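To start, I am sharing the structure in question, which I have written as structure tokens.
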Amino acid sequence: MQYPEQFDVIVIGGGHAGTEAAAASARMGAKTLLLTQSIETLGQMSCNPAIGGIGKSHLVAEIDALDGVMAKATDQAGIHFRVLNSSKGPAVRATRAQADRTLYKNAVRDILEHQENLQIFQQSVVDLVVENDTVVGCETQMGLTFCAKTVVLTTGTFLGGKIHIGDQQQSGGRAGDPPSIALAERLRALPFRVGRLKTGTPPRIDGRSVDFSVLESQLGDDPRPVMSSMGKRSDHPQQISCHITYTNADTHQIITDNLDRSAMYSGAIEGVGPRYCPSIEDKVVRFADKSSHQIFIEPEGLNTTELYPNGISTSLPFDVQLQFVRSMQGFANAHISRPGYAIEYDYFDPRDLQHSLETKAIAGLFFAGQINGTTGYEEAGAQGLLAGINAARKCQDKTPWEPRRDEAYIGVLVDDLINLGTTEPYRMFTSRAEFRLRLREDNADQRLTPMGIDFGLVGHERRSYFEEKLRRVDEFRKQFKATCILPSSDLDQKLALNLRKETTLEEALRRPEINSQKISVALALTETDSNGDAHIDALAVKQLEIETKYAGYIKRQDEEILKIRRHEGMLLPATMDFAQLEGLSNELKQKLEHHKPDSLARAARIPGMTPAALSILLIHAKALAKNAAKASTL
Amino acid sequence: MEANQALNNDLICAIATPPGQGGVGIVRLSGKGAGEVAAQLCAKPLQSRTAVYTDFFDAQELLDNGLALWFPGPNSFTGEDVVELQGHGGPVIQHRILNALCQRGARLARPGEFSERAFMNGKLDLAQAEAVADLIASSSIAASKAALNTLKGAFSEMISAIALDIANMRVRVEAAIDFPEEDIEILQEAKVAEDIARTVTALEAILEQANQGRLINSGISVALIGQPNVGKSSLLNALAGEEAAIVTNIPGTTRDLLKIDLVIGGLPIRLVDTAGLRESSDEVEKIGIARAIAQAAEADLTLYVAAADTLEEGLASSELVGNIELIQESDSQPNNILLVVNKSDLGAMRNLPKDIASVSVSAKTGEGLDLLKKAIQESVGFGQENVPFAARQRHIQIIKDTLVKVNAAAQALTQNQGAEFVAEELYIAHQRLGEITGTVTPDDLLGKIFSEFCIGK
């Protein structure tokens with residue numbers, strides 16, 4: 001049957017990409033349907049129970065700046081919060097939280113169920129309905145057809161999923177859940193390039209069988225950070241510790257002795273795994289000189305004894321898993337509650353997408369998340385948000401939002417994927433962002449919230465908080481400029497400036513030894529409110545400090561950005577036959593053929609590109625355009 | 001006015017006339033602020049589309065005098081603001097004018113860049129697009145070759161080594177930023193500081209060696225080498241046109257190195273006569289031979305001199321081939337060798353090694369000397385559209401900029417400004433150097449991180 005109501009946006013999949021996509025399009029007023037195999041697994045964390053970390057928390061902050069789900073849910077579910085890189089500068093500082101899986105799921109479901117314009121339906125999707133290269137809806141297992149103007153596909157690892165435990169294999173999208181075989185086959189028939197990737201998980205351990213007394217424990221940070229800029233510490237549930245153990249010579253021996261039984265080493269797995277997340281067998285083989293590897297023991301939640309030992313993902317058979325787990329300190333009597341496994345899955349070559357995440361081949365169809373070859377909740381969520389925004393904008397007949405590399409990590413992520421594709425599950429690192437110093441957690445709201453307000457994506461509460469923060473920053477900026485400090489004055493002494501002649505507070509802040517905290521103390525500003533959360537004044541002064549300290553670098557990047565924008569405006573026509581261009585090396589021709597850049601800026605990011613080659617491209621592009629103009633006037 | 005459509009509209013400059021000692025030498029300047037920058041060199045104010053006769057100054061120093069022509073855009077060759085400074089020819093003067101312009105914000109143009117801008121701004125017709133693209137392609141290849149040729153021998157190896165060092169430092173710093181939780185001592189600050197110091201030393205050494213004006217001011221070095229009595233000194237005298245070397249017919253007369261500076265077609269050359277290559281028991285002569293080989297290795301160009309009358313019938317002389325190989329082995333640029341067959345009045349060129357360029361001359365009659373002079377110029381890229389000067393200068397500028405950034409990274413490290421600042425400076429240094437060596441992408445760097453450190457949970 002055909003469902004009687006029409007939708008603007010259908011989101012298929014209820015993982016991190018799907019939930020952000022559905023919530024975003026619904027926030028923008030689009031009539032949205034979220035289709036999921038199981039409502040119980042909405043917002044499920046299928047890998048380790050943590051959100052954030054370096055590069056990733058930057059994505060979370062950006063999702064948050066656009067009023068997305070992830071940061072809010074993390075504050076509801078986080079049981080251990082830390083700031084990584086706290087000894088380094090603000091651009092590379094990153095918040096990371098361990099989350100209680102159940103609380104996280106509940107928080108996501110709660111947000112979705114209270115979202116206006118959003119309906120949820122539980123049923124596997126088996127087919128897309130496509131007419132004239134345009135998606136018009138989808139069909140579920142029971143033969144139900146839903147019609148919509150746009151469809152966002154966020155099926156994660158469920159397409160053609162295959163689980164490996166040693167030499168045993170089974171189909172699956174996640175241990176315990178069926179894969180989406182029918183949909184995978186249907187999609188393989190559409191004109192998209194499909195590849196195969198692999199990822200792994202460690203065996204989970206029953207905490208009751210672990211001797212914590214011999215393990216190093218790791219406390220959360222004090223003062224405790226929050227994930228969302230709107231988050232309060234009082235949102236956080238009870239906080240608990242993580243632990244650390246190590247592999248040892250015995251562990252490594254057990255693994256080496258059984259390598260031939262690992263799915264990865266026996267050749268049973270064809271997909272490519274991530275370089276930054278090697279399995280324990282990979283670590284032991286590739287870094288044979290290392291006698292020990294650090295393993296983080298992450299709690300799965302407050303009301304479960306299950307533990308996630310981060311660092312021993314494996315595709316070894318169960319008996320070997322048990323042996324090597326028990327060889328580690330504190331784990332002599334460990335009970336494995338779920339075996340570790342490697343999973344292979346289909347992904348679609350992201351180069352078949354536009355920067356809006358709409359597919360090039362089928363209008364109205366968007367892909368987001370792991371399906372595009374990425375890994376990580378944060379990467380998935382960011383794409384989901386973008387796809388949701390652009391699906392809604394398409395229904396509103398508006399141009400897509402394509403965040404730039406100098407604007408947001410979301411822009412870096414999408415641009416990397418679409419420009420270069422990926423050969424391993426793509427994960428965000430700050431080193432991928434050439435404008436790292438401006439893409440900070442602390443200014444995500446300044447970078448993106450105005451856009452979110454413009455899109456109708458940001459709610460009233462966040463909007464007024466943001467505007468208040470901006471107002472306070474501006475007031476302090478003026479005040480600091482106007483505040484003269486005389487030698488031996490009260491402020492001079494409080495800030496220990498040892499002035500010889502008068503200066504302004506603005507000037508004083510430029511000094512390396514002066515920071516926002518010293519100024520807050522000297523001006524007797526309120527640093528925290530009664531709940532221990534940072535006061536908006538303290539945040540505003542902190543923002544001023546960061547702006548001041550980075551000013552020189554930001555200015556230089558501004559010049560670079562201007563140049564890149566010029567290049568972005570220089571479009572390469574789709575008709576351009578790179579192979580026929582005189583004056584380019586064969587190697588470059590092949591790379592250009594492969595990537596098919598649509599602008600000079602994108603061509604410039606192809607490895608091995610030279611200034612001379614860019615000039616040649618531009619000249620040919622201009623000649624083509626002139627010829628086309630001539631032809632049209634004839 | 002049509003918006004400037006070129007890739008960049010920053011200020012570029014180059015010598016527009018063929019190289020060498022000509023009657024008139026034109027330096028052309030195009031881009032934003034061309035008029036303002038050129039005016040700083042001219043004693044009189046520039047006038048739009050009018051030839052102004054003026055002195056050219058760099059600060060207080062008089063460089064030259066001649067005509068200054070100012071064409072405000074878009075009515076100019078490139079469609080941008082263009083100034084031509086038409087002075088007296090000669091590479092030294094033109095080089096100084098370029099230097100003065102670069103100090104005031106201009107940069108040396110890439111090959112074909114003026115034509116590129118002209119085309120992009122609609123000043124050249126469509127049919128010329130292909131030609132401009134070809135020009136850029138061919139001259140960039142020629143330029144980088146020539147730059148490498150005219151720069152010190154081991155230049156390209158040194159640059160690659162420095163690029164690798166910077167990459168390794170970035171691997172440590174970036175890994176420290178992106179993977180602070182790994183239980184490895186990635187960022188050993190002392191190690192990075194040490195690497196930075198080494199890189200600074202290496203960059204300074206290159207600059208010292210490449211010494212900006214060396215090619216123009218002191219010229220290229222050309223070593224004369226060969227077996228005794230083939231007429232090396234006579235050849236030197238013929239080229240120099242004076243009796244600078246002692247010429248006798250006793251083998252082994254020139255025991256020490258004899259240097260003479262001369263200008264061939266505007267290219268300053270330091271010609272070094274060396275001892276003859278011959279097994280010798282004479283201690284003094286032995287030292288001379290060792291120095292001769294070393295000199296050949298160090299020179300921008302080696303002229304291996306053989307005598308036509310001693311060339312054997314049949315196969316190429318094994319001694320000749322052996323000696324050339326010996327020189328090539330000790331030279332980092334083994335291709336910069338030219339075989340000169342002297343005494344063409346006494347015999348014909350025959351039985352020469354096939355893979356070495358050769359010229360036939362007679363020092364005695366002067367026959368073939370013009371060909372030899374031309375071959376000398378071409379061997380260092382001189383005479384082809386100014387390519388070596390400009391290319392070389394651009395390379396040196398890149399090395400200078402790299403040095404500035406590496407020093408800034410050192411400062412950020414010692415002042416504890418934060419790893420992200422060290423990373424930023426090294427990134428820019430790496431990008432700049434990448435204009436010579438090819439760019440390293442973030443993914444390349446991540447690949448190095450993952451292969452070097454066991455990262456991952």
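Small disclaimer: the values here were computed from a predicted structure and weren't measured. Every chain is numbered from 1 and lettered A, B, ... according to where its sequence line falls, protein lines coming before strand lines.
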Would you say the side chain of A/Arg436 lies within less than 4.5 Å of the side chain of B/Ile177, judging by non-hydrogen atoms?
yes

Heavy atoms of A/Ile619 and B/Glu116 approach each other most closely as CD1-CG, 3.8 Å

Using heavy-atom distances under 4.5 Å, tell me whether A/Arg82 contacts chain B through its side chain, its backbone, both, or neither.
side chain

A/Tyr276 and B/Phe179: aromatic ring centres closer than 6.0 Å?
no

Using the salt bridge (Lys or Arg N to Asp or Glu O under 4.0 Å) criterion, which residues pair with B/Lys32? Sequence neighbours excluded.
none

What I want to check is whether the side chains of B/Gln431 and A/Glu434 have a donor and an acceptor closer together than 3.5 Å.
no

Any idea which heavy atoms bring A/Lys622 and B/Gly122 closest together, and the distance?
NZ-N, 4.2 Å

Around atom CD of A/Glu513, are there more than 12 heavy atoms from other residues, nucleotides or ligands closer than 6.0 Å?
yes

Under 4.5 Å from any heavy atom of chain A, what part of B/Gln415 do you find: side chain, backbone, both or neither?
neither

For a 4.5 angstrom cut-off between non-hydrogen side-chain atoms, does A/Lys88 reach B/Pro180?
yes

Per-residue contact mode, A/Tyr553 against chain B (heavy atom under 4.5 angstrom)
side chain

Atom group of A/Arg286 that falls short of 4.5 Å from chain B, counting heavy atoms:
side chain

Max heavy-atom pair count under 4.5 Å with chain B, selected residue of A/Asn85, A/Asp416, A/Leu420
A/Asn85

In plain terms, say whether B/Glu425 and A/Arg556 are close enough for a salt bridge, that is, a side-chain N and a carboxylate O under 4.0 Å apart.
yes

Under 4.5 Å to a heavy atom of chain B? For A/Arg275 that would be both

Look up atom CG in B/Asp178 and atom OG1 in A/Thr430, then write down how far apart they are to the nearest 0.5 Å.
3.5 Å

Rounded distance (nearest 0.5 Å) linking atom CE of A/Met570 with atom CE of B/Met120
6.0 Å

When you check the gap from the basic side-chain N to the acidic O, do A/Arg440 and B/Glu420 get nearer than 4.0 Å?
no

